[in-house]
Amino acid sequence: MPVYILTDGTGTRAQIPAHLTMISISLINTSTDCTNKVVKGKVIHKGPLAKLSLDNVVLKTIIQEDDASVSGSSHNLSINVFLFGSLAKNFNDAVSQGDVVMASGFIASKSPTAKKDNLHPYNLILSRDDACIYVSKVTKTPKYTYTRLDNLKNESVVNVYGVVVFFKQPFQTRGTDLCSTLKITDQSNENIGCTIFCEKLKDHPRIFQIGDIVRLHRVKAKLFNNSITLVSTFGFSVVTFDGSVGGAVQPRTSSKSFHFDEEDRRTVEELRSWATSKGLRPLVSSTVPLSGIQPNVYFDLTCQLLAKTPIDSTCTLLRVWDGTRCPYTLVEVIAEPGITEGPTSFSKVKESFIANVFVYDNHMEFAKLLKPGDFLRIYNLLATPGSNKVPGLTRSQPVEENHLAFHLHGGTSFGRGIRVLPENSLDVQELKRVFESFPEDPKDELNEVWGTPPESLDGGTVEGSGVFTERSCSHQMMPVTLSQLKQNHPDGAYHVRVQLRSYEPRRLYQSLKLFCSKCSSIQDIPDDESVAGIFSEASQHFETCWSPKWLESRQANLPRSQGFPSQALDVLPCVQLLFQKENKDFIFLNGSTLEETCQFAARVQNIVPVTSSGGHLNLLDLSAPFLFRGRKRYYGCKQCSDAVLRKPSFGREEVIDEKLLAKAFGVQLMQFVLLMKLELQDTTDTLDVFLMKHTELFFSVSAEEASISETAQNRISQIMNILCPPEGSVGQHPWLDLCLTAYRPEGDEGQNQTCYQICNTTIFTQSDPT
DNA sequence: GGTTAGGCTTCG
């Protein structure tokens, strides 16, 4: 008494034994010869397994014949079926409501409940040994097939997948519907325009950016202007997916039931990686925060609507913010209380973050549907100076010609339009996070100060905070947000607009390092204590020794500290220099302490400390400076130097300096560098970056100067104090325009880690001459 | 099972 599962899922009789003949349920009665007969019906009810005795169970089910499958009588198509014993158990396990079953080996018996249940007057009893059930498992939705975009035949209705390379948000047509225009592509590299007509917005594709992936069902291929286009047709539906590789495959659709299986997931993921490898997804989205906008450059804005005011018959004002402040002065607008949705005034601080967006013509219809609090993406927005060109209610301002207003002009060119973003989108969550941490107290004096808009508009970056930056790179790029940067991080240059959150080391001397340009090693500058140790070790071994002919030995009898014999110091000028009367410029010093060397250094321009061992003069260990020039000390790289005391040769006109001497003694000179790690933030994310190659440009201070000059050190400390004051919240830190370079550190194969450096950027303070 | 639009910047 088995239950067979049929594999083709269609419920045809191809898989049941040939000796069985199909009989319509409507023809069942007690006089029917049920031998070798089979009935077919859909399970419309499946009762529980009920115990009859210790070793027998019964299960009642109702099956209904599809009247289209049988010609003739159309009544009594639903019949009670009673299954016994193991057949009942197997049926219970294997069959679900909705499955189509075929039954054989039954007998018919009069139904005592026919009047009550209004079903077939007979029941089917399956208790015999030859009783058998064949099950066609229900396939819930039909399987869709998808046509590649290079395989579209004119006038055919197809289903397709594609990567969006162009899109317009739905706009009202002259007809009854809204229209979405998009262009999609797939691995065939065909670009296919799609036109989608639907009356309701919710039925349109939910595309937010280039690179999103759409699945269109029931679109018709039509030839237009010699190109195949796709147009929505009866029963059209669409599902949209984000296009980022590795992200969750989350279908965006309004339909409550739609087919989506493992194969769909795979298709989406394949399109994602294909599109990414083809560079179809823009590395940097066209979305720009208010802090990064540039006048007269079109951009997309992700923001929250705060208030809405009708201006005139062609224009509506949307007051929006995204938690960043636009560096340019914006037009002021008085919102009339009576006609405004949302607040008509905000704290002075918040006001300084608000952009006034004028929305014209066809977009007003959409604006009508918006509510304060909505999160929006406004596509193809333009900021233009000149408040005299702003319609309606602008307040007179002293320098209003330069003040920016945002315009969403009429028309739908370049995808111009507005879209409400769903609450669960990442962009909205980021905005919410920023708004939550936003200082709300309007009496916060500091905020008032930072809220003061800058007065200048001349191209560069300006802030009211006492510092501003200038980029010296030649890149013409829109700034990106840190989250965009982190999502797409190929090597290269980027512009960002950020605040400094923290930095290390906090003490300047810890950021001063020695760098070997040959082996790229970076090391700390030895502290005075360890250098003094090397000198005192060397001076204790002092012996007057044979010196080469090119040196003249002159014993110096200085009063010595620390109980050293007073004669134990050898000043060794070069003979050549003695004759040139330039002996003050360069001496070797044998047996001196660090302290004495520094005293000499105040009077002699170049001092190379030496030590004597085995009757020979040698350079000191390279852990100590190999040269003193005034207050500056120069070090050699231990790894890359092959240091030997040799006779240096001086050209007559040659200046004796660290480079010449390093070369003469085979010392690989180390450079002073300033190395800092800065934690940046904007409204979207934080990012650790290094200040390394261009630190000197950044501070306008040389690292070598910083190693000795208090003025240079103070400048760096002052700048860091302005960028990241020890007191106050990070939100009050000044905004900086920076050029960053992203790169993979050498020797980091396989780690796939990206590092960032600040490059081509200089900080100016208000006291700097400009 | 029908019309609309059929990318390629407003002009305020």
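By convention in this document, chain letters (A, B, ...) are assigned in the order of the sequence lines, proteins followed by strands, and residues within each chain are numbered from 1.
- With ring centers used as reference points, A:Phe167 lies under 6.0 Å from A:Tyr379.
- B:dT4 atom P lies 15 Å from atom NZ of A:Lys220, rounded to whole Å.
- Computed from coordinates, the A:His204 NE2 to B:dA5 P distance equals 13 Å when rounded to whole Å.
- Put simply, A:Phe197 rests on the base of B:dT4: the two rings are less than 5.5 Å apart at their centres and nearly parallel, under 30°.
- A donor and an acceptor atom, one from each side chain of A:Ser227 and A:Asn225, are nowhere located under 3.5 Å apart.
- With both ends at atom P, the span from B:dA5 to B:dG1 equals 23 Å, rounded to whole Å.
- Per the geometry, NE2 belonging to A:His363 stands 10 Å off C1' belonging to B:dT9, to the nearest Å.
- With a 4.5 Å cut-off on side-chain heavy atoms, A:Thr302 and A:Phe208 do not count as touching.
- Residues from residues 164-171 of chain A with heavy atoms under 4.0 angstrom of DNA chain B, sorted by number: A:Phe166, A:Lys168, A:Phe171.
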Apply side chain to side chain contact (heavy atoms under 4.5 Å, CB included) to A:Ile378 and A:Cys303, showing your working.
CA-CA 8 Å; A:Ile378 306 178; A:Cys303 58; 4.1 Å; yes

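- Computed from coordinates, the A:Leu223 CG to B:dG6 P distance equals 17 Å when rounded to whole Å.
- For the OP1/OP2 pair of B:dA5 and a distance below 4.0 Å, the side-chain nitrogens and oxygens of A:Arg174 include at least one atom meeting the criterion.
- Using a 5.5 Å limit on the distance between ring centres and a 30° limit on the angle between planes, the aromatic ring of A:Phe414 does not count as stacked on the six-membered base ring of B:dC8.
- Distances from the side chain of A:Tyr360 to the nucleotides B:dT4, B:dG6, B:dG12 place B:dG12 closest.
- Of the N and O atoms on the side chains of A:Arg325 and A:Ser352, at least one donor lies less than 3.5 Å from an acceptor on the other residue.
- Closest-nucleotide positions on DNA chain B for A:Thr181 and A:Leu382 were compared, and the one nearer the 5' end corresponds to A:Thr181.
- The minimum heavy-atom distance between A:Asp322 and A:Val434, with the atom names listed, is O-CG1, 4.4 Å.
- No engagement by A:Gly193 is indicated, since no non-hydrogen atom pair under 4.0 Å with the nucleic acid exists.
- Residues A:His407 and A:Tyr298 place their aromatic rings such that the two centres sit no closer than 6.0 Å.
- Taking atom CZ on A:Phe406 and atom P on B:dC11, their separation rounds to 20 Å, with Å as the unit.
- Across the protein-nucleic acid pair, A:Phe224 atom CZ and B:dT4 atom P stand 12 Å apart, rounded to whole Å.
- By the 4.5 Å heavy-atom criterion applied to side chains, A:Pro205 and A:Leu182 are counted as neighbours.
- Within 4.0 Å of A:Lys183, counting heavy atoms only, lies at least one base atom of the nucleic acid.
- The separation between A:Ile210 atom CD1 and B:dG7 atom P is 15 Å, rounded to whole Å.
- Contact check, A:Ser413 against B:dG7: no side-chain N or O comes under 4.0 Å of OP1 or OP2.
- Regarding A:Leu182, its CG atom lies at a distance of 16 Å from the P atom of B:dA5, rounded to whole Å.
- Among the atoms of the strands shown, base atoms are found under 4.0 Å from some heavy atom of A:Asp361.
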